[in-house]
Amino acid sequence: MTDLANNKLPHDVVEAAGYPPGAGVPGRDYDPRLTNEDLAPLQDQKWSMYNFFAFWMSDVHSVGGYVTAGALFALGLTSWQVFVALIVGIVLVQFFCNLVAKPSQVAAVPYPVISRASFGVLGANIPAIIRGLIAVAWYGVQTFLAAGSLTIVILKVFPGLTELATDAYSFLGLSLLGYVSFAILWVAQALVFWRGMESIRKFIDFCGPAVYVAMFALCGYMLVRADFDISFSLSDQQLSTGEQVTAMLGAIALVVSYFSGPMLNFGDFSRYGKSFEAVKRGNFWGLPVNFVVFSLLVVLTASATIPVFGQLITDPVHTVEAIDTYTAVLLGGLTFVIATVGINIVANFISPAFDFSNVAPQKISWRMGGMIAAVGSVLLTPWNWYSNPEAIFWTLGILGALIGPLFGILIADYYLVRRQHVVVDDLFTLEQDGAYYYAKGYNPAAVITVAATGAVAVLSVVVPKLTGVLTWLPDYSWFLGCGLGFVVYLVLAWTFGVSDAAARTKALHAGAGTPA
């Protein structure tokens, strides 16, 4: 039997399709249509608390994270109100990440595999494809943003190349130098990814602390330039009490929404954790503690741009560029390039690799799945639509609304329907008596839930956009989708008998070493 209490597989088990099978059900081999060496349960889970701390540093310490945190200080709130909103928001993120982390860490499998328990062994391709499409689009966007930072650095070192960055040397909406920068980063990210998760772990272990050094240096420099005479009020708006409460709630929702993708993807990384306790400790230091320190640096630096440059600058790359000092632009620009590469690999490269591999495990390896995502990101030509708010809305905005229902279904199924009990071996079988075969491999409760609640979540974004009413609603689309997905799935799981089947499965495997 599989010793899942220690998250280990025996070394003398029979190999099926060339990959090590589990043994949750004696004598049952893994179906090759559902497994490869990348999707199968890990035998060795190595990540420590620091690795998860560094993971979140890489995720938070990005240009996008900087701009998001800085933008909250322009909502008309006082500094203490903003910090309350930031702390509440990030604590919610920590709570949700811990919920997502446990099933994947205990079973040692990525999100697409653990979602087979709720969607069915074949139905899991539905959330995998949705998640993969979102990640591919964002991968292109983040690479393009990092390429812009790299272009600034290149022009500072080689000013003679300025003409190559103009429209006179452009093709399909991007300048020749822009293509060069994009290609350099595209290849660099692919090389890091291709070397595997151990290299990625080492890379993100470096990225987060490196950006902290640059952030402290930039903050110190700007404060000295401003003679430490700064204001923490970055907005001249005067809000009523009701408007302040509304703005704070909106700020909290913005923080949670910003991290909604990494939250759903977190199981892809928690599977590598030595223990669930190591994951939780890493989340604590990497989210509330790290985020508050990072936010302090952001507001101090952004506040200093007003007396130094005469205007508020919430983009660190533009702040560095405005300093107009060779060393500052070179070191600062390269640091934020590294930071963006770090978050891009973590948030938008690894997850679609697992997603696409899950669709056809014997034909698409984890590495091939990642390269499919990378090539797809180029074909989308993100430089042509990222600056277009309408294009962003009708692509990422609508797709992003579907993340909430996927999250709600996963949490409801694992914690309430299955009572934290999953038969790992049955995640890899197409035999009809498998616990997660349902109806021809699909769980109707989950499929109906994601269709119905996903439609509501999308409408909560589209209707205010088209009609101009309830304009605050899109800020809460993740919460709406998550809550509805959670409740509707529970009702349908009871209606379709999923809860009863889960209880029988748990009773059948009681004491057999399956995870709970």
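Quick note: numbers below take in every heavy atom, side chains included, and nothing from hydrogens, waters or symmetry partners. Note that the coordinates shown come from a computational prediction; the quantities given were computed from them, not determined experimentally.
Applying side-chain contact (heavy atoms from CB on, under 4.5 Å) to P361 and the options T35, L39, V113, D31 leaves one that passes, L39.
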Inset, instruction - List the steps and the verdict of side-chain contact (heavy atoms from CB on, under 4.5 Å) for L99 and M263. - result: CA-CA 9 Å; L99 291 179; M263 282 194 301; over 6 Å; no
Inset, instruction - I would like to know whether Y436 and V422 meet side-chain contact (heavy atoms from CB on, under 4.5 Å); could you show each step before the answer? - result: CA-CA 10 Å; Y436 314 116; V422 174; 3.7 Å; yes
Inset, instruction - Please report the C-alpha distance between Y489 and N443 in whole Å, then the side-chain angles of each, then the deciding distance to 0.1 Å, and finally whether the side-chain contact (heavy atoms from CB on, under 4.5 Å) criterion is met. - result: CA-CA 11 Å; Y489 179 78; N443 178 8; 3.2 Å; yes
Legend entry - side-chain contact (heavy atoms from CB on, under 4.5 Å) evaluation trace for V60 with I90: CA-CA 11 Å; V60 171; I90 209 65; 5.6 Å; no
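For T151 and S181, the side-chain atoms include at least one donor-acceptor pair closer than 3.5 Å. Under the 3.5 Å distance criterion, with hydrogens and angles disregarded, a donor-acceptor pair is assigned to the side chains of Y212 and N290. Judged purely by distance below 3.5 Å, without hydrogens or angles, the side chains of D205 and Y50 never pair a donor atom with an acceptor atom. Donor-acceptor pairing under 3.5 Å is lacking for the side chains of T429 and D426.
Among residues at least two apart or in separate chains, there is no salt bridge (charged side-chain N to carboxylate O under 4.0 Å, His left out) pair with a member in residues 139-153.
The closest side-chain heavy-atom distance from V106 to F276 is not below 4.5 Å. A heavy-atom distance below 4.5 Å is not found between the side chains of R33 and V121. Looking at heavy atoms from C-beta onward, Y111 lies in side-chain contact with P127 at the 4.5 angstrom threshold. With a 4.5 Å cut-off on side-chain heavy atoms, L402 and V458 count as touching. Residues R367 and D38 have side chains not in contact (no heavy-atom distance under 4.5 Å, counting atoms from C-beta outward). Put simply, the side chain of K280 reaches to within 4.5 Å of the side chain of E277, judged on heavy atoms. You'll find the side chain of L122 reaches within 4.5 Å of the side chain of L430, heavy atoms only. Side-chain contact between V341 and V192 is absent, with no heavy atoms from C-beta onward closer than 4.5 Å.
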Name each donor-acceptor pair under 3.5 Å that joins a side chain in residues 342-349 to protein atoms two or more places apart or in another chain, with its distance.
from: N344; atom 1: OD1; to: N348; atom 2: ND2; distance (Å): 3.0
from: N344; atom 1: ND2; to: Y139; atom 2: O; distance (Å): 3.2
from: N344; atom 1: ND2; to: T143; atom 2: OG1; distance (Å): 2.9
from: N344; atom 1: ND2; to: Q189; atom 2: OE1; distance (Å): 2.9

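Atom CG of L92 sits about 11.0 Å away from atom SG of C97, to the nearest 0.5 Å. Atoms CZ and CZ, on F203 and R195 in that order, are 12.5 Å from each other to the nearest 0.5 Å. L86 CG to I252 CD1: the interatomic distance, rounded to the nearest 0.5 Å, is 9.0 Å. To the nearest 0.5 angstrom, Y272 atom OH is 11.5 Å from D44 atom CG. Note that CG of N51 is 3.5 Å distant from OG of S48, once rounded to the nearest 0.5 Å. Here the CZ atom belonging to F144 is positioned 12.5 Å from the CH2 atom belonging to W138, to the nearest 0.5 angstrom.
Nearest approach of P382 to G140, heavy atoms of both residues: CG-O, 3.3 Å.
Taking the ring centroids of W366 and F193, they lie under the 6.0 Å cut-off. Aromatic pair W56/F291: centroids not less than 6.0 angstrom apart. Taking the six-membered ring for Trp and the full ring otherwise, W383 and Y179 have centroids separated by under 6.0 Å. Centroid-to-centroid, the aromatic rings of F266 and F96 stay 6.0 Å apart or farther.
Looking at S104, its side chain does come within 3.5 Å of a backbone N or O of V109 through a donor-acceptor pair. Formation of a donor-acceptor pair under 3.5 Å by the N98 side chain with backbone atoms of F95 is not found in this model. When atom types are taken as modelled, the side chain of S477 and the backbone of V461 share no donor-acceptor pair closer than 3.5 angstrom. In this structure, S260 contributes its side chain and S257 its backbone to a donor-acceptor pair below 3.5 Å.
A search for side-chain hydrogen bond (donor to acceptor under 3.5 Å, both in side chains) contacts involving R131 returns N265, D268, D355, not counting sequence neighbours.
Annotation: cation-pi pair R116/F428 present, NZ/CZ under 6.0 Å from the ring centroid and within 45° of its normal.
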